[in-house]
Peer 1: 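To start, I am sharing the structure in question, which I have written as structure tokens.
Residue numbers begin at 1 in each chain, while the letters A, B, ... track the order of the sequences. All values reported here derive from a predicted model rather than from experimental measurement.
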Amino acid sequence: SKEEKQRLRKEKKQQKKSKEKKDDKESHVSSAPPAVPAPVSNSVPASEVAVATEKPTKSKAELKAERRARQEAERATKQTKKGEPGQQGATGKPKAPPSELQPGMVKRLSEHVQVDDPDVLKKLAKKLERQQIPLRSDYGYKVSLFSHLHQYSRKAPPTQQLSIPSTVIHPAIVRLGLQYSQGIVAGSNARSVALLHAFKQVIRDYTTPPNEELSRDLIKKCLFYYMNLFPLKKFVFFLINVTYRVFFNTIIFLIFPASAKKKRFAKSKLLTSIEWYIKEKIILAATAIAHSSIEKISDGDVILVYGCSSLVNNILCEAYDKQRKFRVIVVDSRPRLEGREALRRLVQKGISCTYVLISAVSYILPEVSKVFLGAHALLANGYVMSRVGTSQIALVAKAFNVPVLVCCETYKFCERVQTDSFVSNELDDPDDLIVTRKGKTQLAGWQQVASLGLLNLVYDVTPPDFVDLVITDLGMIPCTSVPVVLRVKNVDQ
Amino acid sequence: MNEEELVEYFRAQMRTDPDMASAVAAIRTLLEFLRRDTGETILGLRESLTWATDCLKGEDSSVAVSSGGELFLRFISLTSLEHQDLSRCKKVMEERGELFLEKISMSRNKVAKLCHTFIKDGAKILTHSFSRVVLRVLEKAAMEKKRFSVYVTESQPDAAGQQMAAELAKLHVPVTVVLDAAVGYVLEKVDLVIVGAEGVVESGGIINKIGTYQMALCSKAHNKPFYVVAESFKFVRLYPLNQQDVPDKFKYKADTLKKRQNLSEEHPVIDYTPPSLITLLFTDLGVLTPSAVSDELIKLYL
């Protein structure tokens with residue numbers, strides 16, 4: 001049967017080679033992990049494009065036309081068979097339409113920041129149809145500055161149109177997507193852990209199909225599920241930065257060594273590796289950060305926190321346990337009002353707290369001695385990506401000369417560079433901004449007013465000049481040293 | 001070698017060569033301690049070295065002694081993993097210690113070589129208190145036949161500025177001593193400000209004699225470049241957020257810490273200058289911007 005397997009594999013490869021030259025090259029490139037981040041991140045490695053631009057332009061167009069015709073024919077036949085994993089592996093990657101692959105063009109934008117381009121939308125719709133995943137339509141008028149991003153309504157959950165049982169996407173992933181979109185799982189650490197648990201379930205339920213190799217097929221499947229988290233639920237921007245790296249570093253990097261050893265133990269090894277990752281990078285890191293930050297909290301301090309960051313809450317509780325005398329001011333903002341959760345946790349511990357809304361921040365800042373902020377990601381140029389409102393607080397704190405400390409685990413560091421909050425962000429449900437006061441709901445009919453748009457942003461970026469110190473599990477570093485840490489980490493890996 | 005001998009040796013080193021930095025004297029003392037140590041285990045050796053460093057910190061509370069001691073420990077303790085035999089290990093440690101000492105005694109000259117080119121002919125320089133590194137830099141510039149004049153602040157409470165003025169007069173450099181309060185007054189006349197540092201912290205800021213922060217703020221307001229000259233063994237793993245955040249053990253002299261209980265009546269002898277006010281740092285590792293200091297520290301310590 002081993003020879004049979006090999007023979008079948010060879011045949012398949014030959015078929016692919018003879019028919020689809022280009023697709024074959026892509027799938028070869030995709031089977032090597034380093035090229036995998038290409039479709040998702042903005043900075044596409046030139047290698048993939050170089051591969052595509054090897055042929056002269058003239059014959060390329062002809063070949064493309066031929067290939068497309070063949071592909072359509074094949075898809076028509078395959079549609080009846082309910083899409084094979086092999087095909088999905090090659091096509092399940094969000095790529096820009098081939099017409100954009102001009103020689104010399106290096107950058108390729110992800111589809112998810114091209115929502116205002118109708119061609120891209122059509123491609124996405126077709127692709128999802130093929131894979132039998134319902135397309136989620138945008139809701140409401142989008143402010144022009146953010147028209148390149150998706151905006152979904154929470155009232156139309158993605159699973160409404162999803163057939164049961166869904167054979168294409170694993171139910172754990174569907175559940176994860178739903179949890180993300182309904183806001184049941186909120187906060188970056190919680191989301192990362194939920195993602196990893198969902199993938200652990202996927203791996204547990206996974207069985208290698210008869211003609212496939214464990215590592216290749218599992219990677220394809222996992223990638224496919226991961227990519228489809230996007231249309232399935234809201235586009236969670238930070239997924240592209242942080243959880244992508246989490247996902248990549250754990251699952252992709254660990255699959256090959258795990259499967260190199262005995263096939264039986266590959267799955268269990270993979271599961272333990274994921275658990276180890278969670279334990280070391282998230283749980284132990286929190287302890288290390290709490291340990292370092294205790295030094296920065298002195299008796300008599302007045303500490304300002306914004307929103308609900310699990311890490312900052314942990315630090316404050318630890319400091320309280322170590323008999324430090326301080327009080328906390330919790331700043332909150334609509335529409336999420338996450339500060340209330342933080343307030344609840346701190347008061348339960350016994351810490352004396354004050355609660356204000358973000359509009360009062362310049363009023364209370366003269367009393368404050370330090371500001372502790374959490375982060376969703378730390379970008380390579382030193383910018384801090386966090387909940388919207390964080391850069392506001394950092395700005396006002398700087399004006400009052402109050403030190404700003406950001407607490408962030410190293411797994412949240414990413415190679416992405418961003419200088420403003422527009423280019424890549426997340427638009428939450430605009431209906432969240434509607435509020436009823438004194439029996440009147442002023443914005444109820446906002447969709448009828450043609451010139452009115454409601455903007456509910458989720459993230460913003462804070463420049464490094466406003467941040468005095470970043471506390472990570474590696475120690476205390478200035479904001480500008482993030483690329484050094486990334487370099488050191490890459491060397492380690 | 002017990003505590004008195006240690007402290008006496010340290011004091012003797014400082015007396016014999018007044019030009020030596022206190023950190024270098026501390027490292028020499030530690031090296032001597034290592035030679036005379038009769039411990040049986042490597043862990044015991046390391047513990048006794050830590051104890052010795054603490055004794056020295058009790059004698060001279062400056063940041064430089066603390067950082068120098070820590071770096072020395074790091075430099076030699078990397079050998080403990082390579083050799084099994086204790087005596088061989090000790091020998092290698094001693095050799096490495098000598099090497100380290102040699103390297104850092106060259107550091108002042110390296111700094112002077114880098115910095116003197118920034119002093120142009122006809123420049124007017126402002127400096128603060130007595131710093132041997134700054135003196136070395138100005139000496140080198142004078143040797144290169146540059147004509148410049150220097151303003152030195154008096155730097156109370158110990159009037160160290162007068163000592164600096166005397167040294168500069170020996171080099172035939174025109175020098176004027178000004179009051180600490182006259183920094184703002186004199187800044188419009190000067191072209192650049194050069195100060196030394198007792199310690200360089202992780203953020204890229206410096207810890208130096210009290211009055212440096214003021215000078216840095218004024219030079220920023222006047223848009224004059226503020227240069228810091230420091231050897232690399234002064235890099236320390238501290239990260240103060242503001243003046244209050246600097247640990248008390250560095251703020252006051254060692255004997256004050258031992259004698260007085262209520263430190264709030266004492267006046268601190270050092271202050272912290274944040275990196276945003278510093279233009280460049282000249283070290284034996286090269287000319288660095290304040291944000292590059294953290295990179296260097298990560299390389300040194302991690």
Peer 1: Please say which of A:V402, A:V404, A:L405 ends up in a side chain to side chain contact (heavy atoms under 4.5 Å, CB included) with B:L241.
Peer 2: A:L405
Peer 1: Find the distance between CD (A:E295) and CG (B:L238) and round it off to the nearest 0.5 Å.
Peer 2: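 The CD atom of A:E295 sits 9.0 Å away from the CG atom of B:L238.
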Peer 1: Quick one: CG on A:D465 to OG on B:S276, what's the gap to the nearest 0.5 Å?
Peer 2: 10.0 Å
Peer 1: Pick one of side chain, backbone, both or neither for B:P240, based on which atoms fall under 4.5 Å of a heavy atom in chain A.
Peer 2: backbone
Peer 1: Would you say that more than 12 heavy atoms from the other residues, nucleotides or ligands in this model lie under 6.0 Å from the CD of B:Q214, or not?
Peer 2: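 Result for CD/B:Q214: open.
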Peer 1: Quick one: pull up CG in B:N242 and NZ in A:K370 and give me the separation to the nearest 0.5 Å.
Peer 2: 6.5 Å
Peer 1: Is it the case that atom NZ in A:K398 sees more than 12 heavy atoms from other parts of the structure closer than 6.0 Å?
Peer 2: yes
Peer 1: Is there a donor-acceptor pair closer than 3.5 Å between any side-chain N or O of A:K296 and the backbone N or O of B:Y239?
Peer 2: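 Flag set: sc A:K296 to bb B:Y239 pair under 3.5 Å.
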Peer 1: Specify the closest pair of heavy atoms between A:M476 and B:E202, including all atoms of both residues, with the distance to one decimal.
Peer 2: O-OE1, 2.7 Å
Peer 1: Can you establish whether the number of heavy atoms outside A:F400 located under 6.0 Å from its atom CZ is more than 12?
Peer 2: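 Atom CZ in A:F400 is crowded, with more than 12 foreign heavy atoms closer than 6.0 Å.
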Peer 1: Measure A:P478 against the heavy atoms of chain B and call it side chain, backbone, both or neither at under 4.5 Å.
Peer 2: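 For A:P478, the contact with chain B is made by backbone and side chain together.
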Peer 1: Between the side chains of B:S291 and A:T480, is a donor N or O closer than 3.5 angstrom to an acceptor N or O?
Peer 2: no
Peer 1: More than 12 foreign heavy atoms under 6.0 Å from NZ of B:K110: is that the case here?
Peer 2: yes
Peer 1: Should the heavy atoms of other residues, nucleotides or ligands under 6.0 Å from NE2 of B:H267 be counted, would the total exceed 12?
Peer 2: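 Counting other residues, nucleotides and ligands, NE2 of B:H267 stays at 12 neighbours or fewer.
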